[in-house]
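Side chains are part of it too, since the values below use all heavy atoms of this structure and drop only hydrogens, waters and symmetry mates. Residue numbers start from 1 in every chain, and the chains themselves are labelled A, B, ... in the order their sequence lines are given, proteins ahead of strands.
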Amino acid sequence: EAGVAQSPRYKIIEKRQSVAFWCNPISGHATLYWYQQILGQGPKLLIQFQNNGVVDDSQLPKDRFSAERLKGVDSTLKIQPAKLEDSAVYLCASSLDRGGGAPLHFGNGTRLTVT
Amino acid sequence: GNSVTQMEGPVTLSEEAFLTINCTYTATGYPSLFWYVQYPGEGLQLLLKATKADDKGSNKGFEATYRKETTSFHLEKGSVQVSDSAVYFCALSRGNKFYFGSGTKLNVKP
């Protein structure tokens with residue numbers, strides 16, 4: 001099966017600019033996650049979708065971050081305006097969500113550098 | 001609440017040495033447990049998993065046993081290779097929510 005696809009792989013922007021990331025999950029996976037991974041740390045959940053509804057966005061900085069999942073498939077994550085501390089790798093993951101310990105499948109991430 | 005604690009790194013070993021990376025968890029109910037590996041510039045890849053007590057997950061020579069009595073899921077490998085150098089993350093899931101440890105970097109020297 002094809003894996004989780006993310007683009008772009010790298011992005012460099014100046015602070016106060018905006019940026020968007022795209023994710024295409026594995027076909028048939030109902031649950032989609034966006035994580036932020038700062039260098040040297042574990043992934044931190046930003047937002048979790050079940051189909052096209054938001055399940056958990058409690059750690060999403062909603063004054064600057066937004067995300068959507070249209071038609072329950074692809075998703076975009078946007079940052080506007082970016083801050084220096086947003087420099088990180090943004091990982092998208094998907095899961096079958098059938099219970100019983102279905103694992104997360106991750107994309108290769110987008111490395112964002114804010115200067 | 002739910003959380004994962006894993007040993008801090010980096011862990012530096014010589015090739016063919018024995019590896020143990022400790023992981024303990026706190027969870028309500030009966031979580032599923034995972035080990036993920038992350039190579040430089042890549043996303044996390046599932047290494048192995050266990051879904052109930054006493055289950056042993058294994059893959060590519062790595063093993064981990066779900067120990068409910070000690071709330072642990074330690075990762076082991078009998079003989080590491082240079083190609084095993086990566087960051088290893090322990091994680092648990094409850095329903096469809098995942099909780100990750102902070103990662104342990106493994107360096108294997110030839």
Side-chain angles (χ1 to χ4, degrees), chain A residues 1 3-10 21 23-26 29-51 53-59 88-113, chain B residues 1-10 21 23 25 27 29-57 59 64 66 68 73 86-107:
Chain A
E1 64 182 3
V4 176
Q6 289 189 248
S7 68
R9 285 282 279 139
Y10 305 93
F21 312 126
C23 173
N24 180 240
I26 292 173
H29 281 196
T31 311
L32 184 148
Y33 308 74
W34 282 102
Y35 286 89
Q36 181 192 59
Q37 187 179 23
I38 292 172
L39 186 65
Q41 300 182 17
K44 169 191 165 186
L45 180 67
L46 292 175
I47 189 167
Q48 177 180 343
F49 293 94
Q50 176 77 19
N51 295 310
V54 175
V55 173
D56 183 353
D57 64 356
S58 57
Q59 298 193 79
V89 176
Y90 291 84
L91 294 166
C92 180
S94 67
S95 173
L96 267 175
D97 185 38
R98 289 180 181 171
L104 286 178
H105 298 264
F106 284 87
N108 282 330
T110 297
R111 181 177 297 278
L112 174 66
T113 302
Chain B
N2 299 299
S3 66
V4 174
T5 302
Q6 58 183 109
M7 62 189 286
E8 289 190 18
I21 300 178
C23 170
Y25 68 89
Y30 302 96
S32 294
L33 300 174
F34 306 85
W35 277 101
Y36 284 85
V37 59
Q38 186 175 35
Y39 299 100
E42 298 183 11
L44 281 70
Q45 301 174 24
L46 177 67
L47 182 58
L48 53 84
K49 72 172 189 177
T51 57
K52 61 183 187 295
D54 300 325
D55 267 3
K56 177 185 282 187
N59 186 26
Y66 189 140
K68 188 166 167 44
F73 193 55
V87 181
Y88 292 81
F89 292 93
C90 185
L92 71 84
S93 73
R94 285 283 292 131
N96 60 1
K97 293 201 175 292
F98 287 77
Y99 304 84
F100 287 87
S102 56
T104 302
K105 185 172 184 180
L106 171 65
N107 296 316

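Annotation for A:P43 and B:L44: closest pair CG-CD2, 4.0 Å, computed over non-hydrogen atoms. Nearest heavy-atom pair across B:G41 and A:R9 is O-NH2, 2.9 Å.
Side-chain N or O atoms of B:Y36 include none that pairs as donor or acceptor with a backbone N or O of A:F106 at under 3.5 Å. A distance-only check finds a donor-acceptor pair linking the side chain of A:Q48 to the backbone of B:N96 [under 3.5 Å].
With rounding to the nearest 0.5 angstrom, the CD atom of B:E42 is 11.5 Å from the CG atom of A:L91. Here the CZ atom belonging to B:F100 is positioned 9.0 Å from the CD atom belonging to A:Q37, to the nearest 0.5 angstrom. Here the OG1-CZ distance, from A:T31 to B:F98, works out to 8.5 Å after rounding to the nearest 0.5 Å.
With a 4.5 angstrom heavy-atom cutoff, B:Q45 does not touch chain A via any of its atoms. With a 4.5 angstrom heavy-atom cutoff, B:L46 touches chain A only via side-chain atoms.
Crowding of B:K97 atom NZ: a count of heavy atoms from other residues, nucleotides or ligands under 6.0 Å exceeding 12. The neighbour count for B:Y30 OH, taken as heavy atoms of other residues, nucleotides or ligands under 6.0 Å away, does not exceed 12. Residue-environment remark: CD (B:E8) stays at or below the threshold of 12 foreign heavy atoms within 6.0 Å.
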